[in-house]
Amino acid sequence: MLVPTSHGLYCPQGDFFIDPRRSVARAVITHGHSDHAYRGMDAYLCTQETVPILRHRLGAHGHYHGVRYGETVVMNGVRVSFHPAGHVIGSAQVRLEYAGEVWVVSGDYKRQADPFAVSFEPVRCSTFITETTFGLPIYRWPSPSVVAAEINNWWRENAAAGRTSIIQAYSLGKAQRIMGMVDASIGPMMATSAVHAMNTVLADAGHALPPWKNLAAVDRNEPLTGSLVITTGIDAALLRRCKDAATASASGWMAIRGFRRRGNHDRGFVVSDHTDWPDLMRTIRETGAERILATHGSTSAVVRTLQEQGLQAAELEDVGMERTE
Amino acid sequence: MKHLSALYHALDATTKTGRKVDVLVKAFTSMPSDDVLWSIALLLGKRPRRICTTTELRQWATMAAQISPWLFDECYAAVGDLAETIAMLVHGGHTERQESLAATMASLEELRSTSDDVRAAAITSRWQTQTADDCLVFNKLLTGGFRVGVSRGLVVRALAVVFQADEATITHRLMGNWTPNTITLDQLMAADSVVADAAKPYPFCLASPLDAAPEHLGLVDEYRAEWKWDGIRAQLVHRGGRLYVWSRGEELITDRFPELDVLRGILPDPLVLDGELLAMDNTTVLPFAHLQKRISRRTISAAMVRAVPVRFMAYDVLEHGYDCRHLAYHERRRLLETIVEPLGASMPITISPTIQASEWSHLEDARQRARALGTEGLMLKRRDAPYQPGRTKGVWWKWKVEPYTVDAVMIYAQAGHGNRASQFTDYTFAIWKDGALVPFAKAYSGLTKAEIARVDAFVKANTKERFGPVRTVVPSMVFELAFEGLQRSARHKSGVAVRFPRIVRIRDDKTADQADSHQTILAMLDAHEQRT
């Protein structure tokens with residue numbers, strides 16, 4: 001029902017693409033990250049929550065059609081619906097049903113609690129296309145409350161030492177998740193331009209974000225001591241503005257010491273919006289799928305593991321090469 | 001354990017040396033004294049013999065994680081550190097029992113004599129009852145690779161603060177063969193700890209490399225020059241009728257050099273000499289490879305001693321009835337002459353000759369001859385300086401001969417370990433021979449972080465084949481390599497073996513076909529052999 005093409009994942013029966021990379025007529029979008037939602041599609045279908053994000057990122061005048069989680073849209077006889085993926089606000093798995101067969105495309109997803117993204121719901125299907133960004137058993141995320149305590153301690157210690165805390169995070173998803181998981185009583189939260197813009201879009205759409213300040217609007221002479229600055233990138237200008245700063249990044253890759261040390265940040269916190277290994281295995285079981293296609297990251301390790309468990313599994317990209325569908 | 005784990009991760013979290021010293025001081029003042037002693041020992045690289053092999057650890061972890069062996073290997077390749085891979089795979093999320101480091105070490109010691117099953121069960125259970133952070137440190141105790149970017153110097157600085165003594169004193173107290181099982185922290189740090197241990201050597205005085213013209217150092221009269229010997233730096237300690245030979249790595253290597261035993265009872269007692277162990281055939285210094293055989297063997301046969309006789313090339317005296325390190329170099333030298341010269345040529349000890357010079361140009365001429373004499377260059381020592389521990393700038397200079405250099409092509413790359421995990425940092429280089437590229441040397445060092453990132457990207461984009469962790473790459477990147485000693489070797493495809501190969505720079509101006517050939521190397525070798 002789905003084949004990988006140079007433009008993206010294509011559904012011939014329904015004549016639409018999922019997260020296409022090049023211009024097509026009809027695009028079904030799992031979530032608003034730039035490697036999933038590209039410019040130049042004639043029409044976009046996504047969740048209601050994703051519409052304002054696409055409008056902000058891809059331009060106000062595109063044709064965006066938003067639907068509720070669970071609502072079904074029929075495209076050339078293919079029944080298409082969106083189900084929570086827990087990755088970022090508005091993120092969805094896409095369920096396709098045609099002639100009694102059900103496929104689910106996971107998009108990016110996580111099973112951990114997120115203060116703003118609706119929690120992942122497993123969807124029964126016969127073929128499950130899953131992301132495997134962190135598809136190795138070394139990836140087992142610590143619980144969010146443990147990481148929140150680590151970030152709070154770090155922020156508190158920096159504040160006590162007269163330093164500014166700078167944390168690097170994606171503007172959509174990670175930034176809001178961090179704002180929602182830390183203890184806002186420690187100090188003010190500041191957002192640099194991209195984070196502030198995204199926060200504004202989400203707050204306007206009705207998401208109850210904790211209070212933050214737009215760093216660009218803060219008087220240049222006002223000291224930032226004790227603040228937590230959330231930014232998409234740390235550059236020399238930002239470090240000068242913060243004077244004495246401690247820097248951190250928040251990502252699943254921070255689970256590995258080598259990455260942490262090479263990252264040039266003082267700290268690395270393990271905060272991932274992707275599924276870890278135990279949740280990946282659990283999710284695959286819960287979908288009841290008899291065939292698993294893996295995409296992104298450690299696809300081969302996941303496929304081989306599933307095959308050893310007696311499941312039918314392949315790397316999604318290979319499926320396209322064979323053209324057997 | 002929790003103190004050591006906290007210390008390890010606090011040290012790991014910073015690259016600033018000042019901050020590391022603060023962390024060490026805080027740890028040394030807050031830990032129980034047994035844990036302090038163990039922590040010092042581990043930081044100095046003194047570790048007990050392993051109680052299990054890395055193969056066993058892999059097997060047990062693979063079973064505990066309930067995964068296939070190939071998947072363990074995939075994980076190890078992604079992480080690049082065995083202790084960390086295991087910790088990530090099997091940690092239990094929280095640490096259940098808190099015990100002192102000394103207690104952990106003692107219970108590990110008890111496991112040594114138990115069966116495989118008991119050891120496997122005990123280690124696995126510890127893994128599963130610790131956080132990932134604690135588990136990593138625990139595994140570092142098992143694998144012995146307890147490196148956390150803390151030099152001996154930093155440990156000394158911190159202990160100097162804690163015990164309110166100067167760094168030279170602390171350095172001396174830490175020398176020798178002690179283990180946490182043979183000494184207490186109080187004994188180790190006691191003022192008379194040096195007297196109590198007859199075998200204890202002194203901290204070595206180390207030379208700084210001289211990169212500029214020697215004229216910068218001042219007048220030639222203020223220095224004495226000697227050859228820079230290419231052997232094993234060692235201290236000869238003769239006290240209480242016993243002879244001890246210490247390497248610079250603080251390893252007791254007395255039994256590897258049985259021919260030195262004749263000096264016992266003949267040398268003054270107590271006496272400590274600094275010098276170099278050299279393989280010598282009469283007066284000719286033999287290549288370092290001959291000495292290497294001595295270090296790598298556990299037992300040294302009489303035949304080996306006859307085949308490759310070793311002499312101690314003495315160049316300093318540190319104790320002669322009293323600690324004489326405070327004397328000026330020229331005074332110690334005179335003392336050394338009165339000790340060594342009367343012994344005669346039949347004894348396996350020689351005094352390192354001084355190279356006479358009234359102008360710097362004389363020494364520059366001597367340096368040109370250095371390689372032909374089997375030495376690495378010259379040592380320049382300040383006449384009036386006392387013997388100082390560590391690398392004190394301006395006391396001793398090493399003025400090495402220019403290294404050999406060769407332009408070679410990268411053909412294989414392998415990911416590094418630890419800090420360099422998941423990045424291609426270990427390279428094999430080739431030279432041309434009969435129209436094909438043959439492996440010539442491996443090198444890991446010499447590139448900046450940015451250059452490593454560039455080569456890493458090149459390797460990933462130009463991989464031809466994969467053999468486990470090794471990738472063959474399109475042979476197009478040329479590197480200038482520097483190396484020391486050059487020797488014919490039947491074991492190497494290129495026909496030569498080199499010492500200390502390292503990367504000087506990336507030769508973007510050269511293409512693979514412009515790299516050096518086997519003939520170039522042979523010409524170097526011929527020139528070298530003609531001189532000797």
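Residue numbers begin at 1 in each chain, while the letters A, B, ... track the order of the sequences. Just so you know, these numbers use all the heavy atoms, side chains as well, and skip hydrogens, waters and symmetry mates. Computed from a predicted model, the values in this text were never measured in an experiment.
At most 12 heavy atoms of other shown residues, nucleotides or ligands fall within 6.0 angstrom of atom NZ in B:Lys442. Heavy atoms of other residues, nucleotides or ligands lying less than 6.0 angstrom from CZ of B:Arg19 number 12 at most. With a 6.0 Å radius and a threshold of 12 heavy atoms from other residues, nucleotides or ligands, B:Lys46 has its NZ atom above the threshold. Around atom OH of A:Tyr170, no more than 12 heavy atoms belonging to other residues, nucleotides or ligands sit under 6.0 Å away. Within 6.0 Å of CD in B:Gln98 there are more than 12 heavy atoms belonging to other residues, nucleotides or ligands. In B:Tyr412, the OH atom is not crowded: 12 or fewer heavy atoms of neighbouring residues, nucleotides or ligands sit closer than 6.0 Å.
Nearest heavy atom pair, residue B:Met88 against residue A:Ile138, reads CE-O, 3.5 Å.
Contacts of B:Ala132 with chain A are absent, with no heavy-atom separation under 4.5 Å from either backbone or side chain. In this structure, the portion of B:Leu136 lying under 4.5 Å from any heavy atom of chain A is its side chain and not its backbone. Residue contact with chain A, scored on non-hydrogen atoms closer than 4.5 Å, involves the side chain of B:Ile67 exclusively. The contact between A:Thr305 and chain B is made by backbone and side chain atoms together, counting heavy-atom distances below 4.5 Å. Heavy atoms of A:Arg304 lying under 4.5 Å from chain B belong to its backbone as well as its side chain.
To the nearest 0.5 angstrom, A:Tyr139 atom OH is 8.5 Å from B:Cys75 atom SG.
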Let me have the donor-acceptor pairs involving side chains of residues 294-303 of chain A, under 3.5 Å, with sequence neighbours excluded, atom names and distances please.
residue, atom, partner, partner atom, Å
A:Thr295, OG1, A:Glu317, OE2, 3.3
A:Thr299, OG1, A:Glu315, OE1, 3.0

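Checking side-chain atoms of A:Arg257 against main-chain N and O of B:Glu84 turns up no donor-acceptor pair under 3.5 Å.
Side-chain atoms of A:Glu308 and B:Leu71, non-hydrogen and from C-beta on, never get closer than 4.5 Å to each other.
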